[in-house]
Chemist: 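The structure under discussion is supplied below as structure tokens; questions concerning it will follow.
Computed from a predicted structure; not experimentally measured.
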Amino acid sequence: MKIENKITGAVRNALQSLYGIAPDAAAVQLQKTKKEFEGHLTLVVFPFLRASRKGPEATATEIGEYLLRNEPAVASYNVIKGFLNLVVASSCWIAQLEEIDGNGRYGLQEVTEQSPLIMVEYSSPNTNKPLHLGHVRNNLLGYSLSEILKANGNRVVKTNIVNDRGIHICKSMLAWQKWGEGITPEKAGKKGDHLIGDFYVLFDKHYKAELKALEAKGLSKEEAEAKSELMAEARAMLRQWEAGDEKVVGLWRMMNEWVYAGFDETYARMGVDFDKIYYESQTYLEGKEKVLEGLEKGIMYRKEDGSVWADLTAEGLDHKLLLRGDGTSVYMTQDIGTAKLRFRDYPIDRMIYVVGNEQNYHFQVLSILLDKLGFSWGKDLVHFSYGMVELPEGKMKSREGTVVDADDLMDEMIKTARETSLELGKLAEFPEEEVQDIARIVGLGALKYFILKVDPRKNMLFNPKESIDFNGNTGPFIQYTHARIRSVLRKAEEQGIVLPEKLSDSLALSEKEIALVQLLAEFAQVVTEAGLQYSPAVIANYVYDLVKEYNQFYHDFSILKEENEALRAFRLILSRNVAKIVKSGMRLLGIEVPDRM
């Protein structure tokens, strides 16, 4: 039983006995005692002053005295104004550690067939370029959020919607057709997504050169853009694709397959996956059909030019275009189509879209439209709106080829992790194969942790050098602490130390040991909070606090050299559970922790 629950029950008994009131457990406000005061849990007594008809200090003292007499968990107390600070007996913390130790999935809820079904959409790449740093934040947030929701007892379906149609796709296709000379990923020795991204940049280069030449002849920028033959060819190709031209569709399929193979490689390396992938080429017609259905029902209206709109003024918004005059769809229409297919495929209870904050308005509108069109989860859809990620050098632009490529970034992180580890002498004795694996785990862990420790709603600056540091609030610092604990446990085993099934409850624990047990016990609450807030940062910063506390304990206390066998056993079991919770927390972030470094 959690200590907080035990104390809460005792406080309710005290209030009944002393003042004749029986408040709900929720009305008993227990907080972790602030570090500057003596105690472990603090009771706020102000809500009970009307019943006690006494001042805050007298009321706190009366409750403290009652607890001291009637609840063995309370060893002593002190009163600071209207706050009753309770010192919890060491035996309770020992029992709490045993409970955590006995539960391999401590803090994680079970998922059953009756659990709510939540769909999480993330990644959403375009097939005209490789994944970049912005996608890295999106994928890491989406994957981690999915794991956190599972840990909170939900069934989760991870989905991806691939933007595989539109003018931007045709730009890459046209550039390959004009200047590719039949090149393939195999011939180029390149991943398919990188090869196609090169042609997207190449199109932009030729397009800009064409505009410059036209402007040199005296045309304005707008006139030059309207007269561009290259852009006209790209638009013509898009019309051919939509009309089902065999040659164009064949080229589109071939180039998309190259990109998908490249994406799969990047996803696998990043450690993210999907249960279902949708493609906009398959959903936009479904959306069009649903919008026309809405038109028939009077939910939408048609303008004179044939375009279809939704009037959202009653909801405090404006009029929203859903189909152009020529019948072609917009992004909103595609999202409606994707929603229709998803609702057909899964009995969704909640839908979460992991998309950057520049799309806030889009999802506000989508929620209203889905609700109007009869999707039960539409009104309550969640837009997991996150901030942009930038580099010290500034923003990235795909067309100009100035993006930070996800594959290049992972390569660089792994290389830096290897160099840093070798400089510090951490991998000197390890075989090459293990060095490579540890460098991968540490490099990717540094990248993931640096991104996930930041509140997702905030814009962030990604600094690769800072992220790889083995000290401070970084992934490598946490991973190294885990490896250190595993090393201690291995040495204990080598020395033949056998840990008892039951710890001695007569030990007098230090405040540092109690603080660690208390932190471990908070993991369940932290997982719940991360799920409610949709924030992997809650987990990341908790794990950092835990390892920081452990490292102070490790520095100040003997473990293997402790002569008192019962105390040594306690410290080893405490260490084992710190490692367990660190591993569990980092797994929720999609981060591996090595057993040695």
Side-chain angles (χ1 to χ4, degrees), residues 1-103 106-107 109 153 502-529 532 566 570 574 577:
M1 184 181 182
K2 277 187 74 177
I3 290 170
E4 285 88 341
N5 297 345
K6 186 188 270 280
I7 303 286
T8 297
V11 169
R12 291 176 73 204
N13 291 340
L15 295 169
Q16 176 72 60
S17 175
L18 294 168
Y19 312 126
I21 59 170
D24 291 338
V28 178
Q29 298 174 38
L30 277 177
Q31 304 165 352
K32 194 171 182 177
T33 304
K34 290 181 178 175
K35 286 196 173 180
E36 60 266 33
F37 301 116
E38 184 193 1
H40 306 121
L41 294 170
T42 296
L43 175 71
V44 182
V45 302
F46 295 107
F48 315 124
L49 298 186
R50 181 179 290 179
S52 73
R53 298 182 182 179
K54 293 176 184 168
E57 292 192 5
T59 304
T61 302
E62 276 190 345
I63 297 171
E65 283 298 324
Y66 178 94
L67 293 175
L68 204 55
R69 287 193 308 272
N70 297 284
E71 178 48 66
V74 176
S76 65
Y77 74 90
N78 62 85
V79 176
I80 309 287
K81 296 181 179 176
F83 299 94
L84 173 60
N85 299 322
L86 302 170
V87 175
V88 178
S90 286
S91 57
C92 287
W93 295 116
I94 292 164
Q96 180 78 82
L97 179 62
E98 285 183 322
E99 188 181 320
I100 296 166
D101 188 52
N103 184 350
Y106 180 78
Q109 294 180 41
K502 181 105 180 77
L503 287 166
S504 166
D505 60 5
S506 61
L507 292 170
L509 302 181
S510 68
E511 281 306 311
K512 187 63 71 180
E513 288 162 326
I514 289 172
L516 268 175
V517 178
Q518 193 167 10
L519 255 179
L520 289 175
E522 286 167 19
F523 182 57
Q525 185 186 327
V526 167
V527 172
T528 301
E529 190 186 332
L532 292 172
F570 171 84
L574 177 62
N577 283 278

Chemist: Of all heavy-atom pairs between Pro56 and Leu49, which one has the smallest distance, and what is that distance?
Modeler: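 Scanning both residues completely, I find the closest heavy atoms to be CA-CD2, 3.7 Å.
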Chemist: For Ala14, is there any backbone N or O sitting under 3.5 Å from a side-chain donor or acceptor partner on Ser17?
Modeler: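 A pair under 3.5 Å: no.
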Chemist: Do you know the tightest heavy-atom contact between Gly64 and Leu84?
Modeler: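 Minimum heavy-atom contact is N-CD2, 3.7 Å.
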Chemist: Look up atom CD1 in Ile3 and atom OG1 in Thr8, then write down how far apart they are to the nearest 0.5 Å.
Modeler: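 Spacing of CD1 (Ile3) from OG1 (Thr8) equals 11.5 Å.
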Chemist: To the closest 0.5 Å, what do you measure between CD1 (Ile514) and NZ (Lys512)?
Modeler: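 Result: 12.0 Å between the selected atoms.
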Chemist: Quickly, which of Arg50, Arg53, Glu62 forms a side-chain hydrogen bond (donor to acceptor under 3.5 Å, both in side chains) with Tyr19? Name it, please.
Modeler: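 Exactly one option meets the side-chain hydrogen bond (donor to acceptor under 3.5 Å, both in side chains) with Tyr19, and it is Glu62.
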Chemist: Could you tell me the separation between the CG atom of Leu67 and the CZ atom of Arg69, rounded to the nearest 0.5 Å?
Modeler: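 These two atoms lie 9.0 Å from each other.
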Chemist: When you compare the side chains of Glu99 and Tyr106, does any donor N or O come within less than 3.5 Å of an acceptor on the partner?
Modeler: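 The criterion, which ignores hydrogens and geometry beyond distance, is not satisfied for Tyr106 and Glu99.
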Chemist: In this structure, which one of Leu86, Val11, Val88 forms a side-chain contact (heavy atoms from CB on, under 4.5 Å) with Val74?
Modeler: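 So, applying the side-chain contact (heavy atoms from CB on, under 4.5 Å) to Val74 and each of Leu86, Val11, Val88, only Leu86 qualifies.
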Chemist: Should Val517 and Phe570 count as side-chain neighbours, where that means a heavy-atom distance under 4.5 Å?
Modeler: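 A side-chain contact exists here, since the closest heavy-atom pair is under 4.5 Å.
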Chemist: Just wondering, are more than 12 heavy atoms of other shown residues or ligands nearer than 6.0 Å to NZ in Lys34?
Modeler: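 Not buried by this count: 12 neighbours or fewer within 6.0 Å.
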Chemist: Kindly determine whether Ile7 and Val28 satisfy side-chain contact (heavy atoms from CB on, under 4.5 Å), including the steps that lead there.
Modeler: CA-CA 10 Å; Ile7 303 286; Val28 178; over 6 Å; no
Chemist: Under a 3.5 Å distance rule, please check whether Arg12 uses its side chain to pair with a backbone N or O of Pro23 as donor and acceptor.
Modeler: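 Yes, the answer is positive, given that a donor and an acceptor are paired below the 3.5 Å cut-off.
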Chemist: Between Ser90 (side chain) and Leu509 (backbone), is there a donor-acceptor pair under 3.5 Å?
Modeler: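 Yes.
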Chemist: How far apart are the closest heavy atoms of Gln109 and Gly153, and which atoms are they?
Modeler: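 Shortest heavy-atom separation between Gln109 and Gly153 comes out as CB-N, 3.7 Å.
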Chemist: Do you know which two heavy atoms are closest between Ala566 and Ser504, and how far apart they sit?
Modeler: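 Scanning both residues, the minimum pair turns out to be CB-CB, 4.0 Å.
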Chemist: Donor-acceptor pair, distance only, cut-off 3.5 Å: does the side chain of Gln31 make one with the backbone of Val44?
Modeler: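 No, the answer is negative, given that no donor and acceptor are paired below the 3.5 Å cut-off.
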Chemist: Just how far is it from atom NZ of Lys32 to atom CD of Gln518, taken to the nearest 0.5 Å?
Modeler: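 Lys32 atom NZ to Gln518 atom CD measures 5.0 Å (nearest 0.5 Å).
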Chemist: Considering non-hydrogen atoms only, spot the tightest contact between Ala58 and Lys54 and give its length.
Modeler: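 Looks like CB-CB, 4.1 Å.
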Chemist: What distance separates Asn577 CG from Glu98 CD, expressed to the nearest 0.5 Å?
Modeler: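 Going from the CG atom of Asn577 to the CD atom of Glu98 covers 10.5 Å.
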Chemist: So, Asn70 side chain and Tyr66 main chain: donor-acceptor pair closer than 3.5 Å or not?
Modeler: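 Side chain of Asn70 to backbone of Tyr66, a donor-acceptor pair under 3.5 Å: yes, one is there.
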Chemist: Measure from the side-chain N and O atoms of Glu513 to the backbone N and O of Ser510, and report whether any donor-acceptor pair falls under 3.5 Å.
Modeler: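 Side chain of Glu513 to backbone of Ser510, a donor-acceptor pair under 3.5 Å: yes, one is there.
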Chemist: Roughly how far, to the nearest 0.5 Å, is OG1 of Thr33 from CG of Asn85?
Modeler: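 If we round to the nearest 0.5 Å, Asn85:CG and Thr33:OG1 are 5.0 Å apart.
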